[in-house]
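Below: one structure, written as structure tokens.
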Amino acid sequence: MSPEASSAPRSLAEALRSRDDASLAALLRDRPDLVAPVPTDLTQLATRAGTRASVLRALEHLDRFALQTAQALAVAPDPATYDTLHGLLAGDDGDPAVTEALPATVAALRRQALIWGDDDRLHLVRTARELLAPSAQHPSPTGLGPTVREATSGMSPGRVQQIVNTAGLPSTHDPVSAVAALTGLFADRKRMDALLAGAPEAAREVLTRLMWGPPYGQVTADPAVHLRWLLDRGLLLPTAPGTVVLPREVALHLRGGRAHRVPEPVPPAVEPSVAHDPRIVDATAAGQAYTALATVEELLKHWDQGGPAVLRAGGLSVRDLKRTAVALDAPEPLAAFWIELAYAAGLLASDGAADERYAPTPAYDTWLERPVAERWGRLAAAWLAATRTAGLIGGRDIKDRALSALGPGLDRSAAPEVRHRVLTLLADLPAGVAPAPEAVLTRLSWERPVRTPQRDGTEDLRVRLARWTLSEAELLGVTGRGALSSHGRALLGAAPEPDDTPLSSAEQHTAIAVGLLAPLLPEPLDHVLLQADLTAVAPGPLLRPLAEMLGVLADVESKGGATVYRFTPASVRRALDAGQTAADLHAFLAQHSRTPVPQPLTYLIDDVARRHGHLRVGVASSYVRCDDDSVLNEIIADKRAAALRLRRLAPTVLAAPCDPATLLEGLRSLGYAPAAESAQGDVLITRADAHRTPPRTAPEPVPEGPPAPDSVLLTAAVRAIRAGDLAATTPLKAPGPQPAGGELPRTSPADTLATLQAAVMTGEAVWIGYVNADGAASQRVVAPIRVEGGFVTAYDHTADEVRTYPLHRITGVAELAED
């Protein structure tokens with residue numbers, strides 16, 4: 001055996017053992033599931049890296065060319081040379097793009113421990129080979145079938161010899177050499193060309209149909225002449241009664257050596273579609289950002305006194321979602337998005353009461369007091385990190401249960417990563433440039449190809465997440481006209497700080513985005529334009545006190561660039577019920593109107609104020625009193641008041657069996673303007689009491705697998721693995737008891753004490769077996785410092801620290817070999 005062959009790693013564990021610390025840290029960073037918990041040594045790390053769950057997770061994170069490379073290795077001999085792998089991907093004619101991209105791809109697969117070995121002996125991890133190799137039950141994306149050896153494993157030796165003879169090969173003495181001869185024929189390009197030159201035209205058509213897969217076909221008990229020609233020469237081999245397969249070696253010859261029809265070594269470019277002036281993009285995005293804030297505020301104001309009830313299974317009912325959509329004047333999917341966004345930002349939650357309802361949280365009041373740009377920053381940051389996916393609402397889960405807004409089952413751990421990746425692709429384009437959405441989706445599909453298509457034919461989740469990201473980013477004002485805005489770049493971390501120092505946290509990214517957005521937002525106005533048709537036009541956003549007061553005094557009639565408010569008797573009465581007087585309303589309108597107050601509006605306010613409180617409603621169950629008994633006579637005579645069942649108690653008092661609120665509403669529906677009064681006879685000011693939940697925290701995102709380890713954890717993990725591997729692999733000094741694999745060293749208490757005392761004097765390290773208080777056994781390499789009082793104090797190379805061990809828990813001691 002050559003020195004090179006003897007030095008080649010014989011297992012993945014040996015390959016990992018030859019790596020430096022930086023390479024091990026890169027492996028743990030790429031595959032964080034391997035570090036939770038930290039493996040005890042490199043053998044355990046290799047075992048964990050080869051488990052089915054870990055390999056599946058690693059394969060799902062490969063790009064298309066890396067996956068094609070792994071699939072090619074799965075159909076290649078084990079081990080395979082780099083040249084063999086290159087031939088499977090580039091073909092006989094070669095492919096410069098494959099030649100250029102393959103070294104980096106092989107290095108990436110080796111770094112992730114999916115392949116190991118040198119270029120002359122490349123091994124695909126056994127679990128990955130089992131997952132990617134073709135079989136009748138699980139066809140390979142390569143479209144290749146079994147090898148000649150696999151396809152003939154159940155064939156009689158006599159039939160194999162017949163095929164060899166018909167193919168023009170000499171007879172052999174055993175089936176193994178016969179199969180080897182047939183395999184050599186099919187792998188020889190010149191001899192195969194000569195064999196196929198004599199094939200019937202129909203036989204060549206059959207081979208062409210099966211060449212790119214699926215490689216299986218059906219034949220009758222009495223096959224046609226051209227099929228018999230193929231079967232007699234082993235170009236088609238039977239796998240079951242009536243079923244034949246095209247051997248892998250034959251398919252590779254017909255394909256020119258390619259394992260894939262179209263190798264894709266180069267990621268598809270995200271080509272620009274439309275270019276806009278960056279200033280227009282920023283202005284459009286800022287307008288969308290302001291609209292998003294107004295929509296969320298309107299939603300929470302609509303639920304200010306207690307929103308819809310929480311379903312028993314959690315979430316919002318379909319009926320309540322429809323009502324909210326009508327209130328927001330938006331489609332139901334869009335209303336669901338705003339609801340989920342407010343929930344993700346911690347502005348909305350359930351109140352936890354017995355009759356549980358949704359309501360704004362106390363954080364909503366704090367949020368309202370912040371500047372406009374900062375309010376947007378909180379929404380955008382929450383959206384970027386949220387795993388709850390509003391696009392799923394209305395669908396069904398794997399148990400065929402409906403997915404509702406604010407309900408369970410909406411978390412998708414891939415959502416934040418997809419959002420970041422989509423925005424990063426947009427950030428790679430010049431400022432103001434918008435790509436075609438399909439180009440973004442094509443690139444994402446290359447970066448994370450789908451290994452198993454959806455059975456119901458729906459798009460892959462990542463593709464749907466990308467589509468939703470593009471539309472939601474536009475709604476939030478992260479993008480404008482399809483291009484990433486300047487504040488969107490900052491939110492992503494793609495824009496530098498003013499002093500060109502690198503960003504270090506999401507909070508800093510958001511702060512910079514807020515600073516870039518603030519100058520683009522319109523300044524709130526302190527005035528409206530009153531019109532003679534009892535409307536007021538707000539030509540832009542209003543200051544909050546003005547908007548709140550106007551929202552009480554008038555009803556919103558239309559929204560858009562300018563908001564139109566309409567004054568009605570009911571809206572004016574609402575303002576009077578809130579404690580305002582007619583004089584207050586006249587002064588308010590005169591102060592905030594850039595146009596003269598129209599006379600019809602003045603008359604409306606005075607007329608409603610004159611009648612407001614003329615009737616008094618109290619508790620009888622309820623009563624009505626009025627100094628003008630003719631008004632009470634009018635009410636008693638009105639047939640529409642029969643449902644109230646009023647009766648006269650005195651010339652100026654009527655009583656009713658219903659509660660005061662019902663009586664108030666009934667009288668108002670008859671055209672009167674009653675006012676409620678207290679038990680003392682004072683007029684009650686009915687201000688709407690805001691309903692708030694107890695303090696709530698925003699929902700935590702659900703991570704995709706274990707969190708990525710930081711540099712501190714990686715350094716500690718590599719050190720611990722190295723130390724554990726030292727304890728597991730360091731040879732013992734001969735002569736001496738050599739524990740079998742995995743067994744603890746065993747010595748008598750006297751020998752243990754003597755060996756440890758000698759090690760203290762010499763300063764040498766020893767190998768001990770140790771059982772802790774929980775009964776867990778471990779092997780450790782320690783350098784004893786002191787032995788006294790039934791304890792040994794030693795530097796533990798495995799833990800990389802000084803520790804103290806009770807002597808009675810040490811099973812035995814073995815000296816290490818000097819080498």
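The figures here come from the full heavy-atom set of this structure, side chains too, leaving out hydrogens, waters and symmetry mates.
Under the 4.5 Å side-chain criterion, counting only non-hydrogen atoms from C-beta, Tyr565 is not in contact with Leu553. You'll find the side chain of Trp446 reaches within 4.5 Å of the side chain of Arg64, heavy atoms only. Between Leu585 and Met549 there is a side-chain heavy-atom pair separated by less than 4.5 Å. Side-chain contact between Arg594 and Asp526 is present, with at least one heavy-atom pair separated by less than 4.5 Å. The closest side-chain heavy-atom distance from Leu444 to Val463 is not below 4.5 Å. Two residues are said to be in side-chain contact when any heavy atoms from C-beta on lie closer than 4.5 Å; Leu299 and Lys301 fail this criterion. Leu546 places a side-chain heavy atom less than 4.5 Å from the side chain of Phe588. Residues Asp304 and Pro360 meet the side-chain proximity criterion, which asks for heavy atoms closer than 4.5 Å.
Using modelled atom types, one side-chain atom of Arg574 and one backbone atom of Val552 make a donor-acceptor pair closer than 3.5 Å. No donor-acceptor pair closer than 3.5 Å links the side chain of Arg481 to the backbone N or O of Gly432. Remark: side-chain polar atoms of Trp376 are not paired, donor with acceptor, to backbone N or O of Ala513 under 3.5 angstrom. Checked by atom type and distance alone, the side chain of Arg319 never pairs as donor or acceptor with a backbone atom of Leu316 at under 3.5 Å. A donor-acceptor distance shorter than 3.5 angstrom exists from the side chain of Arg443 to the backbone of Pro268, with no hydrogens or angles considered. The closest donor-acceptor contact from the side chain of His586 to the backbone of Val597 lies at 3.5 Å or more, if one exists at all. The main-chain N or O of Gly307 is found under 3.5 Å from a side-chain atom of Arg357 such that the two form a donor-acceptor pair. Proximity of a side-chain donor or acceptor of Ser485 to a complementary backbone N or O of Val478 within less than 3.5 Å is detected. Although no hydrogens or angles enter the test, the distance criterion places no donor-acceptor pair under 3.5 Å between the side chain of Glu340 and the main chain of Arg388. His302 places no side-chain N or O within donor-acceptor distance of the main-chain N or O of Glu298, the cut-off being under 3.5 Å.
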Evaluate Trp383 against Thr469 for side-chain contact (heavy atoms from CB on, under 4.5 Å), listing each step before the verdict.
CA-CA 10 Å; Trp383 168 75; Thr469 296; 4.1 Å; yes

Between Trp338 and Leu475, does the side-chain contact (heavy atoms from CB on, under 4.5 Å) criterion hold? Intermediate values first, please.
CA-CA 10 Å; Trp338 296 122; Leu475 289 171; 4.2 Å; yes

Could you please spell out the steps behind the side-chain contact (heavy atoms from CB on, under 4.5 Å) verdict for Thr361 and Leu348?
CA-CA 5 Å; Thr361 64; Leu348 176 67; 5.6 Å; no

Please determine whether side-chain contact (heavy atoms from CB on, under 4.5 Å) holds for the pair Arg111 and Leu27, giving the CA-CA distance in whole Å, both sets of side-chain angles, and the decisive distance to 0.1 Å.
CA-CA 6 Å; Arg111 183 179 66 248; Leu27 168 61; 5.6 Å; no

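How far CG of Leu476 is from CG of Leu491: 9.5 Å, rounded to the nearest 0.5 Å. Rounded to the nearest 0.5 Å, atoms CG (Leu534) and OG1 (Thr568) are 9.0 Å apart. Atom CG of Leu368 and atom CD of Glu548 lie 7.5 Å apart (nearest 0.5 Å). Rounding to the nearest 0.5 Å gives a distance of 7.0 Å between CG of Leu542 and OG1 of Thr563. Arg692 CZ to Gln305 CD: the interatomic distance, rounded to the nearest 0.5 Å, is 10.0 Å. Here CH2 of Trp367 is found 5.5 Å from CG of Leu347. Values are rounded to the nearest 0.5 Å.
For the pair Leu492 and Ala427, the tightest heavy-atom approach, listed with the atom from each and the gap, is CD2-CB, 4.1 Å. The shortest non-hydrogen separation linking Pro539 to Leu525 is CG-CD1, 3.6 Å. Residue Ala405 comes nearest to Ile393 through the heavy atom pair CA-CD1, 3.6 Å, listed as atom of the first residue, atom of the second, then distance. Across every non-hydrogen atom of Leu441 and Ala466, the tightest pair is CD2-CB, 3.4 Å. Across every non-hydrogen atom of Ala382 and Ala345, the tightest pair is CB-CA, 3.7 Å. Heavy atoms only, all atoms of each residue included: Leu426 and Leu484 are closest at CB-CB, 4.0 Å.
With ring centers used as reference points, His691 lies 6.0 Å or more from Trp303.
One finds a salt bridge joining Glu297 and Arg375 here, because a Lys/Arg side-chain nitrogen approaches an Asp/Glu carboxylate oxygen to under 4.0 Å. Salt bridge status for Glu447 with Arg421: present, with a side-chain N to carboxylate O gap under 4.0 Å. At a threshold of 4.0 Å, the pair Asp63-Arg448 does not count as salt-bridged, since none of the basic side-chain nitrogens sits closer than that to a carboxylate oxygen. Comment: Asp320 does not engage Lys322 in a salt bridge, judged by the lack of any side-chain N to carboxylate O separation of less than 4.0 angstrom. A salt bridge is absent between Asp460 and Arg462; no separation between the charged side-chain nitrogens and carboxylate oxygens falls under 4.0 Å. Between Glu438 and Arg467, at least one side-chain N (NZ, or NE/NH1/NH2) sits under 4.0 Å from a carboxylate O, which counts as a salt bridge.
Atom CZ of Arg396 has more than 12 heavy atoms from other residues, nucleotides or ligands within 6.0 Å. Counting non-hydrogen atoms of neighbouring residues, nucleotides and ligands closer than 6.0 angstrom, the CG atom of Asp584 exceeds 12 such neighbours.
A donor-acceptor pair shorter than 3.5 Å can be found between the side chains of Ser54 and Arg31.
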